[in-house]
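Quick notes on the structure that follows.
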Amino acid sequence: MRIISAFILIILLTGCQDEPESKPPAPPPARISYSLEVRPWFIKNCLACHGNLPLHAPGDWDPLHDHRDDTRFETPEFVKLWVKQGSIIDPHWAGLPLRTIKARSLDDLIKSPGRLLPAKRKKVPPMFTAPVADLLAGDLMEDRRRTISTGYLRKGDDTPEWRIEKVAREFMGVRVDCARCHDHPAEQWSTARYQAFKELFTTPYDHLPKALPPLYIERSEKDAQRIAELQSAIAEARNPIPVPAKEFDLWKESAGNTPQLPGLLAAYSFDDRQLTNLAPIDRISANGNQLISEAGAHGLGIYFDGKNKLTLNDVPIASELDPFTISAWIQAKEQALADTPILTIGKRDRGFELRLLEGRLQARWVKVWPQFAIAVTSKAPVLTPGRWAHLAVTYDGSRQARGLKLYLNGHAIDTTQPGSSLFQQVLTGDAVWNFAGAGITLDELQIYGTPLTQIGIRQLFDGTSLGNATPEELRIFFQRHFANEITARNAQLRKLNEALLEIENRLPVYLVMSGTPKSESLRDSSLPKDRLEFARGLNRDLLARSLANEVWRQHFGSPLAHGLGFSDLPPLNPEVLEWLASQLKSSNFDLVKLGEVITASKTWLGEWPQLEHQPVACPRPEK
């Protein structure tokens, strides 16, 4: 009986015990980021054999395919887990909204700054102070002064390629240089997109070697008004002077049958094999460097072989305010027609030049080519190889393109006139005249200190035109050179031009961007139509991260991340980058304030390590 009772008691006690607790289910694995984890693995390991890998939209591509022909690769577990989780393509982290990082200062995020530097770092100037949109497209805005800010894109190599790669690196956090020649396999930059953006950042002058334009002139309303007044006065002073009949008749009587050409400064026949100036002026000195005498148009001439030259010093024509006429007989060999200088006053890139270009003749004054320059170029080739021709160029000292004229064999040449007027001073005085040009022979060189009329040019050509001139031709000749009021009128014009030049010389000039793309491909695509639309469409969070990274690089010599592209490794201190970017965005992208935040920290006083890894190279598969 006792045994049965004990057994029942054991059963009852056993039934009263608590049941064992069940373990809670394991939490699901964290979601795998395609942007931060999977795509970088694809870039590193799969592009070598899958050059057309759809990295930004994998779609039907099987990331778990079997590498039967290459056992070096085995799909890692995190990629398998990403597929199991639904192959979700999350946006790239750099373009997502900025995360909130709780910190009052940079020192709250960097608890262990580097070893204290023996000397303080020098503070660095901000990368820029203007709004980003002004830097990229100030020339496309209504306020024209904002054009000045686009000079930010005219530094460095100053080419369209340099500009777009600078913009992509600093404002988008990505390097796109490899897209010059091939589609970037890891970034969303094809060669077509690169070329389209290149057009956005191309100026009308980029095709010219070492060109400075576009240039922007900053002028106040007062200066603009004074310039307009002077230009109006100059135009008024250029009107023809009335010619009293009695004064004209007296001159004809005194001039005789063949009036003399006025203003002769230099005349070289070269017949005596010496550089003898036949003009009644002894101020000019001529120097010939191994000059070669050859048969000329009349007697002997001098031949230029590309090594020798004729140099004239102390010519009383020393600036663009001085009028002149240059006359000579010229013979050119076939090879000289392509691109050969005949005369240079000063330098080619700053001065006056007479030149042969593909058989055409060009005369030009240049301060900055082609924006601050005037030129006249014959519309057709004018010289026949091996044949003598009489050439003349006149200039009236007006600093206007219409004041330059070309003549061949006594007749005006039909020319084009790019550029309307000069700006600022070109020559500062004592400019040297150099005659040269391989394959050129000159004879009967003459220089006058006045722009001769067409009848005067014909007289130089045939020696008889003034004696056979019509009364109207003689009246114009007299009006230009001998009327009583002409000396005073010329002095007035020079004084007005000097006053205009004085204002121009003190106006600041800036390298800027100018122009909008003309490509149909830009208007027909989803790409921005111009730089202004591009600037306004920038992702502000990506912009903040990219600029914060560049500012850090500027201060410490090493960035927080080499780049923010798809193939770049994450930042060394992501919280620091997010916090700095937030500070920058909240201050409306004030780089000065961000620099002050950095320099006020203890981190600024200590060493900062360089990134251990190098920038990721373009993972283009080898062909």
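All residue numbers in this chain count up from 1 along the given sequence.
The side-chain heavy atoms of L343 and N434, taken from C-beta on, include no pair separated by under 4.5 Å. Side-chain contact between T159 and W162: present, with at least one pair of heavy atoms (C-beta onward) separated by less than 4.5 Å. Side-chain contact check for L594 versus L547: every heavy-atom pair is 4.5 Å or farther apart. Side chains of I148 and E218 form a contact here, defined as non-hydrogen atoms less than 4.5 Å apart.
Of the candidates D206, T202, T203, R163 forms a side chain to side chain donor-acceptor pair (under 3.5 Å) with just one, namely D206.
Considering only residues two or more places apart in sequence or on other chains, Y205 meets the ring-ring contact (aromatic ring centres under 6.0 Å, His included) condition with none of them. With sequence neighbours left out, W369 forms a ring-ring contact (aromatic ring centres under 6.0 Å, His included) with no residue at all. The ring-ring contact (aromatic ring centres under 6.0 Å, His included) search around F372 returns F423, not counting sequence neighbours. Legend: residues meeting side-chain hydrogen bond (donor to acceptor under 3.5 Å, both in side chains) with Q231, ordered by chain and number and at least two apart, are absent. Residues meeting the ring-ring contact (aromatic ring centres under 6.0 Å, His included) test with Y194, sequence neighbours left out: none. For the side-chain hydrogen bond (donor to acceptor under 3.5 Å, both in side chains) test, residues two or more places apart in sequence or in another chain that qualify with H92 are S35. For S33, the side-chain hydrogen bond (donor to acceptor under 3.5 Å, both in side chains) partners two or more places apart in sequence, or in a different chain, are D90.
The CG atom of L542 sits 8.0 Å away from atom CG of L538, with the distance rounded to the nearest 0.5 Å. Taking OH of Y216 as the start and OH of Y510 as the end, the distance is 9.0 Å to the nearest 0.5 Å.
The two residues D107 and S601 have their closest heavy-atom pair at OD1-CB, 3.5 Å.
Note on R536 versus E533: no salt bridge recorded, every NZ/NE/NH1/NH2 to OD/OE distance being 4.0 Å or above. In this structure, E161 pairs ionically with K198, as a charged nitrogen and a carboxylate oxygen lie closer than 4.0 Å. Salt-bridge annotation for R169 and D177: absent, with no side-chain N of the basic residue lying under 4.0 Å from a carboxylate O of the acidic one.
Within the structure, the salt bridge (charged side-chain N to carboxylate O under 4.0 Å, His left out) test picks out the following pairs touching residues 580-603 (sequence neighbours left out): D541-K585. Every pair tested for ring pair (Phe, Tyr, Trp, His ring centres under 6.0 Å) that includes a residue from residues 103-124 fails, sequence neighbours excluded, so the list is empty. Applying the side chain to side chain donor-acceptor pair (under 3.5 Å) definition to pairs two or more places apart or across chains, those involving residues 114-135 are R115-E607, D134-R146. Screening residues 544-554 for side chain to side chain donor-acceptor pair (under 3.5 Å), with sequence neighbours left out, gives R545-E578, E550-R553. Counting only residues at least two apart or in different chains, side chain to side chain donor-acceptor pair (under 3.5 Å) contacts with residues 335-364 comprise D339-R355, R348-E353, E353-R355, Q362-T377.
If you check the side chains of D139 and T150, you find no donor sitting under 3.5 Å from an acceptor.
A 6.0 Å sphere centred on CD of Q85 holds more than 12 heavy atoms belonging to other residues, nucleotides or ligands.
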Q.
With side-chain contact (heavy atoms from CB on, under 4.5 Å) as the criterion, how do W579 and S582 come out once you've worked through the C-alpha distance, each side chain's angles and the decisive distance to 0.1 Å?
A. CA-CA 5 Å; W579 187 79; S582 297; 5.6 Å; no
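R154 places a side-chain N or O within 3.5 Å of a backbone atom of P214 that can act as its donor or acceptor partner. Without hydrogens or angle criteria, E320 side chain to V426 main chain gives a donor-acceptor distance under 3.5 Å.
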